[in-house]
Amino acid sequence: MKLSTAEFRAMQSLPRRLGQRFFEMPMFRSMGLDLQGKDVLEIGCGSGYGAYLLNQLQPKSYVGLDLMSEQVELARRKYPGFQFLIQDAEDLSQFADGSKDVVVIFGVLHHIPDWRKTIDEIIRVLKPEGSLFLEEPRGVDIKIFDTFFRWGHPDTDFGLKALEEHLAARKLVIQNKQWTPLLTMYHIQK
Ligand SMILES: C[S@@+](CC[C@H](N)C(=O)[O-])C[C@H]1O[C@@H](n2cnc3c(N)ncnc32)[C@H](O)[C@@H]1O
């Protein structure tokens, strides 16, 4: 779903950039993120700073998609060399089966009403033994953002327990999981 105005502004802020650059990317790197020569899809790319960081790892190809045209327009303006699509992540039908080595998500599934469908689509587009690097807040973290910053997250049934149950039902393997104060980070393998 579209972000509230407060969360949209926060996603463009310097603290968000610093967190992504100096905390989340190094954490994913320490968990095995390696994109050199790989075909990469980023779900919920926002205004493109993740694209900038991910492309420093020299992927063979990169596509970022986001539901919000406002985000994608910013991304295209800031990073004209990268490919961005306005696209709902519940439908990845434009990507062929087994066409991506790595899918990356920086905090998006908790915004998607049918997030299980997105996971199932990611499984389809990943190559055998492809990887999903995923970070998401816990329910309590979402409450903190909504109480203190009035971000107004959508009411979905997303939660880490439900996520892990769905991954297990689809026989995906959690290779690595790291708890941090506001985000939980996963390396998941097909
Ligand atoms: C919390 S923001 C994170 C943005 C960016 N990944 C970052 O870390 O700064 C969540 C992003 O997911 C996008 N989003 C929400 N629902 C979506 C959907 N169904 N399909 C694709 N993107 C979606 C929003 O537009 C927003 O850009």
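Heavy atoms only: backbone and side chains are in, while hydrogens, waters and symmetry mates are out. Whatever order the structure lists them in is the order used to number ligands and atoms, beginning at 1.
For Gln87, every heavy-atom contact with ligand 1 shorter than 4.0 Å involves the backbone, none the side chain. Contacts of Leu67 with ligand 1, taken as heavy-atom pairs under 4.0 Å, involve both backbone and side chain.
Side-chain contact check for His110 and Glu136: at least one donor-acceptor pair (N or O, by modelled atom type) lies under 3.5 Å.
Under a 4.0 angstrom heavy-atom cut-off, Glu90 registers as lying outside contact with ligand 1. Residue contacts with ligand 1: Gly50 is excluded, as none of its non-hydrogen atoms falls under 4.0 Å. Contact annotation: Glu24 has no heavy atom less than 4.0 Å from any atom of ligand 1.
If you check which protein heavy atom lies closest to atom 12 (O) of ligand 1, you get Val108 CG1, 3.3 Å. The nearest heavy-atom contact from the protein to atom 19 (N) of ligand 1 is Asp88 OD1, 3.0 Å. From the protein, the heavy atom lying nearest to atom 2 (S) of ligand 1 is Met11 SD, 3.8 Å. Of the protein's heavy atoms, Met1 O, 3.2 Å lies nearest to atom 15 (C) of ligand 1. Nearest protein heavy-atom contact of atom 8 (O) of ligand 1 is Arg16 NH2, 2.7 Å. Considering only non-hydrogen protein atoms, atom 10 (C) of ligand 1 sits nearest to Gly107 O, 3.6 Å. The single protein non-hydrogen atom nearest to atom 20 (N) of ligand 1 is Ala89 N, 2.8 Å, given as residue, atom name and distance.
Between His166 and Trp115, the ring-plane angle classifies as perpendicular under the 30° and 60° cut-offs. Between Phe84 and Tyr62, the two ring planes are perpendicular [angle over 60°; tilted spans 30° to 60°].
The residue from Leu3, Thr118, Asp66 that puts a heavy atom closest to atom 27 (O) of ligand 1 is Asp66. Closest to atom 6 (N) of ligand 1 by heavy atom, among Ala10, Gly44, Gly46, is Gly44.
Cluster membership for Val72 and Leu85, using ILVMFWY side-chain heavy atoms within less than 4.5 angstrom, is not shared.
Salt bridge status for Lys100 with Asp39: absent, with no side-chain N to carboxylate O gap under 4.0 Å. Here Glu73 does not pair with Arg76 in a salt bridge; the nearest charged N to carboxylate O distance is not below 4.0 Å.
Considering both main-chain and side-chain atoms, Phe106 comes within under 3.5 Å of ligand 1 through a nitrogen or oxygen pair. Taking distance alone, with nitrogen or oxygen atoms compared against 3.5 Å, Glu7 stays at or beyond that limit from ligand 1. Considering backbone and side-chain atoms alike, Gln71 places an N or O below 3.5 Å from some N or O of ligand 1.
Every atom of ligand 1 with a heavy atom of Ile112 under 4.0 Å away is listed here by number and element: 16 (N), 17 (C), 18 (C), 19 (N).
Nearest heavy atoms, Arg16 versus Ala10: CB-O, 3.4 Å. The two residues Pro59 and Leu54 make their nearest non-hydrogen contact at CD-O, 3.7 Å. For Met31 against Met185, the heavy-atom pair with the smallest separation is CE-O, 3.3 Å.
Residue-environment remark: NZ (Lys177) exceeds the threshold of 12 foreign heavy atoms within 6.0 Å.
Ser47 places no side-chain N or O within donor-acceptor distance of the main-chain N or O of Leu74, the cut-off being under 3.5 Å.
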